[in-house]
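The figures here come from the full heavy-atom set of this structure, side chains too, leaving out hydrogens, waters and symmetry mates. Lettering of chains follows the sequences in order, A, B, ..., and the numbering in each one begins at 1.
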There are 2 protein chains.
Amino acid sequence: MARVGLSAERLTLAGAELADEVGFEQVTLSALARQFDVKVASLYSHLKSSHELKTRIALLALEELADRVSEAVAGRAGRDALAAFADAYRDYARRHPGRYDAARFRLDRETAAASAGVRHAQMTRALLRAYDLDEPDETHAVRMLGSVFHGFVSLEAAGGFSHTPVDAQASWEWTLDSLDAVLRARGTGTAAP
Amino acid sequence: MARVGLSAERLTLAGAELADEVGFEQVTLSALARQFDVKVASLYSHLKSSHELKTRIALLALEELADRVSEAVAGRAGRDALAAFADAYRDYARRHPGRYDAARFRLDRETAAASAGVRHAQMTRALLRAYDLDEPDETHAVRMLGSVFHGFVSLEAAGGFSHTPVDAQASWEWTLDSLDAVLRARGTGTAAP
DNA sequence: CTGCGTTTGCTAATACCTTTAGGCAATTGC
DNA sequence: GCAATTGCCTAAAGGTATTAGCAAACGCAG
């Protein structure tokens, strides 16, 4: 019974990689056990359940994503920052589809509150500062940006844009331009009717 | 061995209802068999697989959603139509969360091409006609609208908006106003820089 | 270095869910 | 009314999750 040297961390990382390869849904304790050439039951020494594994992968992904975004946004403001934020987000989703899915895994309230999810919200608010929105408009804008980024990226991942010849990149840029325009209009008080 | 009178249609409908109650992920052939008081293997006379059941539920949801949207939009144009479209979409997702999830089930290319998904695209384009966008802008706009609607609705369903006191409805209206404004700006050629 | 407690992986067992194969009865069509 | 089809059943195999109890490996104290 040579010990393999498992740990929650190693399992989480392996799970994240597996997710990127075969999809978050297919990440299973059995698959992980196979990879480490270990019996499934052995994993329960490190993880309480399959749910805990998924939660940990989700938390990892949220951290990674927040790190990427944070780095991308550093030193930028306004439209530049918006594009950097959005691109970092989209890049991560494209490079790590399984992890991205994991980041959308529904966490319970407390876990979510302790996750890097809060950094995401803070960064979005920091980004919006340049547009000078009053509350509750800033909150509305946080939600709109989140919706667009997540919506676009998830539709793109689902292949929803592959039916038309128009380049997804062009649509992405057009969308970012639109968001920038609308936020500037809102910020200066020259909001649309 | 009294016959129960199953059929792919009845199973699909029951599956859709089950999805709304317990979530699309939890819709299982076993659960359905239990509901109809029938052995699981019997379902294979009507469905090739669990995957087929999910696909059928997805197609049903796409049809229903397209019907709702189509009815809501009828006779409206511009901002009115935009709001009607968006509200119908959001309402459906709130009333039928399981079905809405199902509508996002990844279909293979042919199935998707034969689904009501194409009606969705057509309706979106019809909606945009009032804004008078040239190609490829119209395509960009289709994608942006799809992203916002899906993104908002799915973040809302995931409870992503419950951490802040600001009303989701207000954010929704604010977002629709923003989209209307940006589309009008794009359409008249007075696009933002 | 020896011994003891803890950790870690194992076997065994239970409980679902999916899918296939093969059988018999109810229903349908002629 | 009979034959063919269809619809539901039993049986069985394979995958995943989870729990309980056991034994070897490890790590630290003395």
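- For A/Gln35, the CD atom sits in a packed shell: over 12 heavy atoms of surrounding residues, nucleotides or ligands are nearer than 6.0 Å.
- Taking atom CZ of residue B/Phe36 and atom C1' of nucleotide D/dG7, one finds them 14 Å apart after rounding to whole Å.
- A/Arg79 contributes no side-chain N or O that, together with a main-chain N or O of A/Asp180, makes up a donor-acceptor pair within less than 3.5 Å.
- Taking the charged nitrogens against the carboxylate oxygens, A/Arg143 and B/Glu156 have no contact shorter than 4.0 Å, which rules out a salt bridge.
- Crowding of A/Glu71 atom CD: a count of heavy atoms from other residues, nucleotides or ligands under 6.0 Å not exceeding 12.
- B/Ala31 is linked by a side-chain contact (heavy atoms from CB on, under 4.5 Å) to B/Leu18, B/Thr28, B/Arg34, counting only residues two or more places apart in sequence or in another chain.
- OP1 or OP2 of D/dG15 has not a single side-chain nitrogen or oxygen of A/Arg34 nearer than 4.0 Å.
- DNA chain C is contacted by B/Tyr44, B/Ser49, B/Ser50 of residues 42-50 of chain B, taking any non-hydrogen atom closer than 4.0 Å.
- Among the nucleotides C/dT20, D/dT16, C/dC10, the one closest to the side chain of A/Thr28 is D/dT16.
- What separates NZ of A/Lys39 from P of C/dC10 is a distance of 7 Å, to the nearest Å.
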Run the salt bridge (Lys or Arg N to Asp or Glu O under 4.0 Å) test on B/Arg99 and B/Asp20 for me, step by step, so that the C-alpha distance in whole Å, both residues' side-chain angles and the decisive distance to 0.1 Å come before the verdict. CA-CA 6 Å; B/Arg99 282 159 147 106; B/Asp20 285 336; 2.7 Å; yes
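- Residue-environment remark: CG (A/Asp108) exceeds the threshold of 12 foreign heavy atoms within 6.0 Å.
- Clustering ILVMFWY residues whenever any of their side-chain heavy atoms sit less than 4.5 angstrom apart, transitively, puts B/Phe152 in the very cluster that holds A/Leu155.
- D/dA17 atom P lies 13 Å from atom CG of A/Leu11, rounded to whole Å.
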Considering only distance and modelled atom types, tabulate donor-acceptor pairs under 3.5 Å from the side chains of residues 114-130 of chain A, sequence neighbours left out.
residue	atom	partner	partner atom	Å
A/Ser115	OG	A/Ala112	O	2.7
A/Ser115	OG	A/Gly117	N	2.9
A/Arg119	NH1	A/Glu63	OE1	3.2
A/Arg119	NH1	A/Asp67	OD1	3.1
A/Arg119	NH2	A/Asp67	OD1	2.8
A/His120	NE2	A/Leu62	O	3.1
A/Thr124	OG1	A/His120	O	2.8
A/Arg125	NE	A/Glu138	OE2	3.0
A/Arg125	NH2	A/Glu135	OE2	2.9
A/Arg125	NH2	A/Thr139	OG1	2.6

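- DNA chain C is contacted by no residue of residues 51-60 of chain B, taking any non-hydrogen atom closer than 4.0 Å.
- Near-neighbour residues of DNA chain D inside residues 16-26 of chain B, defined by a heavy atom below 4.0 Å, are absent.
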Is there a side-chain hydrogen bond (donor to acceptor under 3.5 Å, both in side chains) between A/Ser178 and B/Arg186? Walk through the geometry before answering. CA-CA 8 Å; A/Ser178 300; B/Arg186 294 291 199 173; 2.9 Å; yes
Step-by-step ring-ring contact (aromatic ring centres under 6.0 Å, His included) determination, A/His96 to A/Tyr100: CA-CA 6 Å; A/His96 302 291; A/Tyr100 181 75; over 10 Å; no
Pair A/Asp87-A/Trp172, side-chain hydrogen bond (donor to acceptor under 3.5 Å, both in side chains): steps then yes or no: CA-CA 9 Å; A/Asp87 283 342; A/Trp172 179 246; 2.7 Å; yes
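- Side-chain proximity of B/Val4 to D/dC8, D/dA17, C/dT19: nearest is D/dC8.
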Distances under 3.5 Å between protein N/O atoms and the N/O atoms of nucleotides 27-30 of chain C, please, pair by pair.
none

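- The aromatic rings of B/His150 and A/His150 are tilted relative to each other, their planes meeting at an angle between 30° and 60°.
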